[in-house]
> 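Sharing a structure with you now.
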Amino acid sequence: MRVSKKGLVWIMAIILMGIVYGCKDKVPSSDDGMQAYLSAWMKGDYGSMYEKLTDGAKATVAKEDFVTKHTSIYSGISASDLNIKLAFASHDEEAGNTRDTFGIHVQMNTIAGAVEFDQTVPMVLEHNEWHVEWTPGLLFPQMTDGDKVRVQVLKAERGEIVDRSGYGLAVNEEKLAIGIVPKDLSEPAEESIKKLAELLQMSVQDIDSKRQASWVKPDYFVPLSIVSTNDPKLLTIRSVKGVASQPKKVRAYPLDEAAAHLIGYVGKMNAEEWGRLKEKGYQEDDALGKAGLEQVFEERLRGTDGARIYIVDANGKEKGTITRKDPVNGSEIKLTVDSALQAQVFKQLEGNAGAGAAIHPVTGEVLALASSPSYNPNLFVSGVPAETWKRWNEDPDKPLLNRFARTFSPGSAFKPITAAIALDTHAIDPEQEREIAGKQWKKDGTWGNYYVTRVSAAATKVNLLKALLYSDNIYFAQTALEMGEQRFLAEAGKFGFGEQLPVPYPLDVSKLANQAMKNDIQLADSGYGQGEVVMNPLHVAAAYTAFVNGGNMIAPVLELEEGKTALGKVWKQGVIRPETAAAVTSDLIQVVDHPAGTGHDAKIEGLAIAAKTGTAELKQSKGTTGKEVGWFVAYNTEKPRLLLALMIENVQERGGSHLLSPKVKAVFKQYLR
């Protein structure tokens, strides 16, 4: 069949029209295009988003800038859980189906809280596909060309730690950050730096490393140290050419060394800490509790930072706030501690390696916990000079060691416990006298050359009162043996050995033996507080509360929480009978009142004090001279208000436990008079 030329033209026209209409039928819907764009947006696939922009939008922003802008904004505001929903679609028939409009609802979580907004998104048909007519307003409605998103962290103020009367132990104080502006330093700069190093007790190397840090620019303020606003050297410091200062609120510790081990200090996070804590909202330059109660109560003290997300124009002028979350300051921690008593206990320890624990014997309130020698925690805020750090670490008395948290052999301070459990189990008759001759005694020949030694052989007939007065090791060694291992461990164990004290502080656990009693020698030594018996000072004080409270051990309390703190709560019920507690207290009063008592030097006229001294000898083997730890534990008996356990190391050749008598006396006179 032959077709005319005119017919062939018509056939081709029909075919072309079919192709055109067929292609038109294959144009994807604007709804599909919008859903694809929103899906890429929520996935953070900013490159795919860019490919879906109109030619006009692409002309205003390069792909790299588009991707960077989205990435940096969402990263900077810590955006998460981005969710974008299609609210409506408007198809413009009059525009020849080449322009449609969609409404979207955007939701996300940010560093400053939840953000949500509505926005309209135009789509245009270009190159046979639907493209988004993008503007910066799609990121946030307030944004226009040239605008930037900024984040301001609103710092929460760290909660303060105060004593029972509200006196500050760890406070936030306005001080001055001292630094340099490199371009303002004298020429040569070494002259200013050397002078400044001397004034701030820093090394020239430390200052140089700070001013040469990668972020530093000539006109930047480079912080070096923190000083008090009333520092006598401040005028001289400020006179150094190139020095500048800025007000800065920092942590301060008013009691300085006196409460350093109890309160602790804050410091900057190291890399490991930052890596572990950034998920909890910590900023890299946040202070972190590093020791003591600053560390124990970190979660409650730090609070929660707030933030503000806002927009600035190309000139840096603020245009408006997107969202804001106010900071929540940290909680105040109110302790049972008495600052004046804390300072006094530390004063009595100063110059010695030792520790002290003072509690209210009826309520259990911890009134003081001190360790000596100590360090100044304020230096950790301003920066510990290298020489000071070296001195602390090389000091044989170890000022960084928290002694009230460690355990020591209690020596004769343990004897009232042995006396109490022996009376309670009827293992001894307090009036019965033992025949003890000489200073040394051993059970039998199986002990070889091992023997128990007592300080004085003045009494050959020894009952319980004399044993406590003269602190007779032999009497208590024999008593422990008569009780037997099982009964001794069971009864003494009722005093909380092997358990954590119920206080929010990491204290070493007191023990009667490392594992089990090896033999009779260890049992005998344990009877007078040696062998493997170890106790921390607070546990020693807590154990003596049984003598004040009719045989009940009172739980130590370190924090006063309004409506929550139960004072006088029993930790160990009925560890001894009430009559036993009264009998031990009666004898311990004589330790102070009786002229022959080992604690007589601490006697205060008009004040009834019950006490026990103790000296624990630490030696490697029998026949050698070892170091001695001295103890003095005392409490007033009429309306009891103070129970003090004081311990000093290395009392050998210094009077033993007698070294502590005037110190204990001074504390009681100050606190109870």
Side-chain angles (χ1 to χ4, degrees), residues 9-77 79 81-108 115-149 311-314 319-320 322:
V9 170
W10 274 105
I11 291 171
M12 291 182 69
I14 291 170
I15 292 172
L16 285 171
M17 287 176 66
I19 291 172
V20 169
Y21 282 106
C23 289
K24 187 169 184 179
D25 289 340
K26 292 179 182 178
V27 172
S29 72
S30 57
D31 297 305
D32 291 340
M34 176 53 62
Q35 289 292 355
Y37 182 79
L38 297 183
S39 177
W41 192 352
M42 286 188 286
K43 290 177 183 176
D45 186 358
Y46 308 128
S48 294
M49 286 173 65
Y50 185 82
E51 298 304 326
K52 300 180 189 304
L53 303 190
T54 62
D55 289 344
K58 288 178 179 178
T60 65
V61 59
K63 182 176 183 178
E64 183 179 354
D65 293 337
F66 180 88
V67 171
T68 299
K69 190 178 190 72
H70 281 73
T71 302
S72 61
I73 287 176
Y74 287 139
S75 173
I77 66 175
D81 303 321
L82 178 64
N83 185 32
I84 309 169
K85 292 182 179 178
L86 195 60
F88 68 84
S90 175
H91 302 287
D92 191 350
E93 300 294 339
E94 294 183 4
N97 291 329
T98 61
R99 183 181 180 86
D100 290 345
T101 303
F102 294 85
I104 61 172
H105 183 72
V106 181
Q107 292 177 302
M108 72 185 82
V115 172
E116 55 182 303
F117 58 86
D118 295 312
Q119 186 59 289
T120 56
V121 186
M123 292 198 79
V124 177
L125 184 64
E126 289 183 350
H127 312 299
N128 212 35
E129 290 184 357
W130 289 95
H131 295 269
V132 173
E133 202 167 62
W134 183 86
T135 65
L138 290 182
L139 278 162
F140 293 106
Q142 304 96 316
M143 289 188 71
T144 56
D145 286 336
D147 289 349
K148 295 179 180 179
V149 176
I311 295 173
V312 298
D313 63 18
K319 292 179 62 177
I322 295 172

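Because the structure is a prediction, the values reported are computed rather than measured.
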> If you apply the rule side chain to side chain contact (heavy atoms under 4.5 Å, CB included), what do you find for Leu38 with Phe102, and how did you get there?
CA-CA 11 Å; Leu38 297 183; Phe102 294 85; over 6 Å; no
> Are Arg99 and Glu133 close enough for a salt bridge, meaning some N to O gap below 4.0 Å?
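Salt bridge between Arg99 and Glu133, a charged N being under 4.0 Å from a carboxylate O: yes.
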> Distance alone, cut at 3.5 Å: any donor-acceptor contact between the side chains of Asp147 and Thr144?
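Present: a donor and an acceptor within the cut-off.
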> So do the side chains of Phe66 and Lys58 get within less than 4.5 Å of each other, counting heavy atoms only?
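Heavy-atom side-chain distance check fails, nothing below 4.5 Å.
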> Could you report the tightest heavy-atom contact between Met49 and Ala40, atom names first, then the distance?
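Answer, listing the atom of Met49 first, then Ala40: CG-CB, 3.8 Å.
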> I need the minimum non-hydrogen distance between Ile104 and Trp41, along with the two atoms involved.
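Distance-wise, the nearest heavy atoms are CD1-CZ3, 3.7 Å.
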> Give a yes or no on whether the backbone of Leu53 and the side-chain of His131 come within a donor-acceptor separation of less than 3.5 Å.
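The answer is yes, because a donor-acceptor pair under 3.5 Å joins these two groups.
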> Could you go through the side chain to side chain contact (heavy atoms under 4.5 Å, CB included) check for Glu129 and Met123 one step at a time?
CA-CA 10 Å; Glu129 290 184 357; Met123 292 198 79; over 6 Å; no
> Using atom types as modelled and distance alone, determine if a side-chain donor or acceptor of Ser39 lies under 3.5 Å from a backbone N or O of Gln35.
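Absent.
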> Do Leu138 and Gln119 touch side chain to side chain, with heavy atoms closer than 4.5 Å?
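In contact.
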> Could you check whether any side-chain N or O of Glu126 sits under 3.5 Å from a backbone N or O of Asp55, counting only pairs where one atom can act as donor and the other as acceptor?
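Indeed, once roles are kept as given, a pair shorter than 3.5 Å links the two residues.
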> Which heavy atom in Ser30 sits nearest to a heavy atom in His91, and how many Å separate them?
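Closest heavy-atom pair between Ser30 and His91: OG-CE1, 3.3 Å.
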> Hey, do the aromatic rings of Tyr50 and Trp134 have their centres closer than 6.0 Å?
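No - the distance between ring centres of Tyr50 and Trp134 does not fall below the 6.0 Å cut-off.
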> Can you give me the closest heavy-atom contact between Leu86 and Met34, atom names plus distance?
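Smallest interatomic distance, heavy atoms only, reads CD1-CG, 3.8 Å.
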> For atom NZ of Lys319, decide whether the heavy atoms of other residues, nucleotides or ligands shown that lie under 6.0 angstrom number more than 12.
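Yes, enclosed.
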